[in-house]
Amino acid sequence: MAPRRSTASASKAGLPADTAAAVENASADTAGAEGRATDPLMVMSVDKAFRVLHAFDSSRPSMSLTQVAAAVGMDKSAAQRFTYTLEKLGYLRKDPVTKRFELTVRTLDLAHHYLRSNAMLERAMPYLMHLSKTTEETINLTVMDGTEIVFVSRFMSRHVLNTDVIVGTRMPAFCTAPGVAILSRLPAAEAAALVDRMDLQDFTPHTTWRREDLLAKIAKSAVRGYATAFEEFYHGDLSVAAAITGPGGVPVGALNIAVSRARFTPEEMEERFAPLVVAAAGSVSQR
């Protein structure tokens, strides 16, 4: 889940909420593009093409040319060239009747290549499958990207609560067991610097979101070798995770087990599953 952006300033100007969001996004993208333009090795046309692709999401599954231009922060002529090129390459589809654009299945190709070439995922797969079969609970493998975790593998249980979580889903690192587990294996100063970049907020009454409390939780997780998150992002979700490390002890991902609060108490869940994730993550880690 991406950090929330405020549209208050645009709304004050009398713009509708969706237009305000587009203005806000366009401003952020334009500022980012100006910064990237100072890099002599940066190919800005590639950057803009990916910005067009990233503009499509669950809130904007299809867009007109005008909407694409507004969402990405470019003029209509430039948006036309980029959408035309991406359509020719097979990454966008243009409806012949409505003239609206949407992503095609070809956009999954990069994800497929990532999953097939990721060495950590290859090492982890036997352990993920074993945990899935022996516990019959939901098993996840995640990696950190900026201030978020990204799900790169997921074995769902028949007791699963959140069917909207799929491979590629992003969540804030600070309120998830995998995120805290990864942060706990970083040097304290580096973890604190990442926390300072996060949009800390209370998603539920159980969220650990105040900076001091979060840093204390990270330090505690570092001592015991695993992290927990009990109903911190989703109500009814209990999760325990351990970090997977690469050479030098650098965290490269996390393995977690998630169960329903209706079936386990937090204490039961931690006692039963923490040793399993610690052992599995240790087996996947490189020394």
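Residues: numbered from 1 along the sequence shown. Both backbone and side-chain heavy atoms feed into the values below; hydrogens, waters and symmetry mates do not. As the structure is a computational prediction, the values presented were derived from the model and not from experiment.
Minimum interatomic distance between F155 and S132 (heavy atoms only, all atoms of both residues): CB-OG, 3.7 Å. Closest of all the heavy-atom pairs between R287 and G282 is NH2-O, 3.0 Å. The shortest non-hydrogen separation linking A280 to Y127 is CB-CB, 4.4 Å. Counting all heavy atoms, side chain and backbone alike, G225 lies closest to A242 at O-CB, 3.9 Å. The two residues A227 and S221 make their nearest non-hydrogen contact at CB-OG, 3.6 Å. When all heavy atoms are compared, the tightest approach of S157 to E136 is OG-O, 2.9 Å.
Within a 6.0 Å radius of CD in E268, other residues, nucleotides and ligands contribute more than 12 heavy atoms. Heavy atoms from other residues, nucleotides or ligands lying under 6.0 Å from CD of Q80 number 12 at most.
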(message) Would M144 and V150 count as a side-chain contact (heavy atoms from CB on, under 4.5 Å) here? Give the steps.
(response) CA-CA 6 Å; M144 184 87 89; V150 183; over 6 Å; no
(request) Begin from the C-alpha positions of E148 and M171 and carry the test side-chain contact (heavy atoms from CB on, under 4.5 Å) through to its verdict. (result) CA-CA 5 Å; E148 300 173 312; M171 292 183 185; over 6 Å; no
(request) Using the side chain to side chain donor-acceptor pair (under 3.5 Å) rule, take S239 and N256 through it: C-alpha gap first, then chi angles, then the decisive distance, then the call. (result) CA-CA 7 Å; S239 176; N256 82 290; 2.9 Å; yes
(request) I would like to know whether E102 and R93 meet salt bridge (Lys or Arg N to Asp or Glu O under 4.0 Å); could you show each step before the answer? (result) CA-CA 5 Å; E102 61 182 23; R93 173 186 175 272; 3.4 Å; yes
(message) Does V152 form a side-chain contact (heavy atoms from CB on, under 4.5 Å) with T142? I'd like the steps, not just the answer.
(response) CA-CA 5 Å; V152 296; T142 55; 5.9 Å; no
(request) Under the side chain to side chain donor-acceptor pair (under 3.5 Å) rule, what do S77 and R81 come out as? Steps first, then yes or no, please. (result) CA-CA 7 Å; S77 176; R81 293 194 300 272; 3.1 Å; yes
(request) With side-chain contact (heavy atoms from CB on, under 4.5 Å) as the test, would you mind laying out the steps for L92 and F56 before giving the verdict? (result) CA-CA 10 Å; L92 288 182; F56 295 86; 3.7 Å; yes
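Using a distance-only test at 3.5 Å, with no hydrogens or angles considered, no donor-acceptor pair links the side chain of R60 to the main chain of S62. D202 places no side-chain N or O within donor-acceptor distance of the main-chain N or O of P205, the cut-off being under 3.5 Å. Side-chain N or O atoms of K217 include one that pairs as donor or acceptor with a backbone N or O of T228 at under 3.5 Å. When atom types are taken as modelled, the side chain of R100 and the backbone of D95 share no donor-acceptor pair closer than 3.5 angstrom. In this structure a side-chain-to-backbone donor-acceptor pair under 3.5 Å is present from E231 to G236. Of the possible polar contacts, none joining the T207 side chain to the W209 backbone as a donor-acceptor pair under 3.5 Å is found. S117 contributes a side-chain N or O that, together with a main-chain N or O of H113, makes up a donor-acceptor pair within less than 3.5 Å. Remark: the backbone N or O of T204 is not paired with any side-chain donor or acceptor of E232 at under 3.5 angstrom. Looking only at distances, a side-chain donor or acceptor of R154 sits under 3.5 Å from a matching main-chain atom of V165. Although no hydrogens or angles enter the test, the distance criterion places a donor-acceptor pair under 3.5 Å between the side chain of S285 and the main chain of T245.
Of the listed residues (L103, L110, D109), just one forms a side-chain contact (heavy atoms from CB on, under 4.5 Å) with R106, and that residue is D109.
Remark: R224 is positioned above the aromatic ring of Y226, its terminal NZ or CZ atom under 6.0 angstrom from the ring centre and at most 45 degrees off the axis.
Contact check for V52 versus Y91: no side-chain heavy atoms found under the 4.5 Å cut-off. Contact check for F101 versus Q67: no side-chain heavy atoms found under the 4.5 Å cut-off. Residues R261 and F230 have side chains not in contact (no heavy-atom distance under 4.5 Å, counting atoms from C-beta outward). Taking 4.5 Å as the limit, some side-chain heavy atom of L141 sits within range of a side-chain heavy atom of L121. In this structure, E137 and R263 have side chains that are in contact, with non-hydrogen atoms separated by less than 4.5 Å. Looking at heavy atoms from C-beta onward, L200 lies out of side-chain contact with R210 at the 4.5 angstrom threshold. Side-chain contact check for L131 versus L255: some heavy-atom pair is nearer than 4.5 Å. With a 4.5 Å cut-off on side-chain heavy atoms, V143 and I149 do not count as touching.
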Show me, pair by pair, the donor-acceptor contacts under 3.5 angstrom made by side chains of residues 246-253, not counting sequence neighbours?
none

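Taking CE from M269 and CG from D237, the interatomic distance works out to 8.0 Å, rounded to the nearest 0.5 Å. Separating the OG1 atom in T208 from the CZ atom in F203 is a distance of 12.5 Å, to the nearest 0.5 Å. Distance check, rounded to the nearest 0.5 Å: NE2 of H206 to SG of C175 gives 13.0 Å. Distance OG/S153 to CE/M120: 9.5 Å, rounded to 0.5 Å. In this structure, the separation between OG on S260 and CG on L238 is 7.0 Å, given to the nearest 0.5 Å. For the atom pair I244 CD1 and S283 OG, the distance stands at 10.0 Å (nearest 0.5 Å).
Both V284 and M125 sit in one connected hydrophobic cluster of ILVMFWY residues. Membership requires side-chain heavy atoms under 4.5 Å apart, directly or through other members. Taken together through direct or relayed side-chain contacts under 4.5 Å among Ile, Leu, Val, Met, Phe, Trp and Tyr, L89 and L53 form part of one hydrophobic cluster. Hydrophobic clustering (side-chain heavy atoms under 4.5 Å, transitive across Ile, Leu, Val, Met, Phe, Trp, Tyr) groups I257 together with M129.
The ring of F264 has its center closer than 6.0 angstrom to the ring center of F273.
A donor-acceptor contact closer than 3.5 angstrom links the side chains of D57 and S59.
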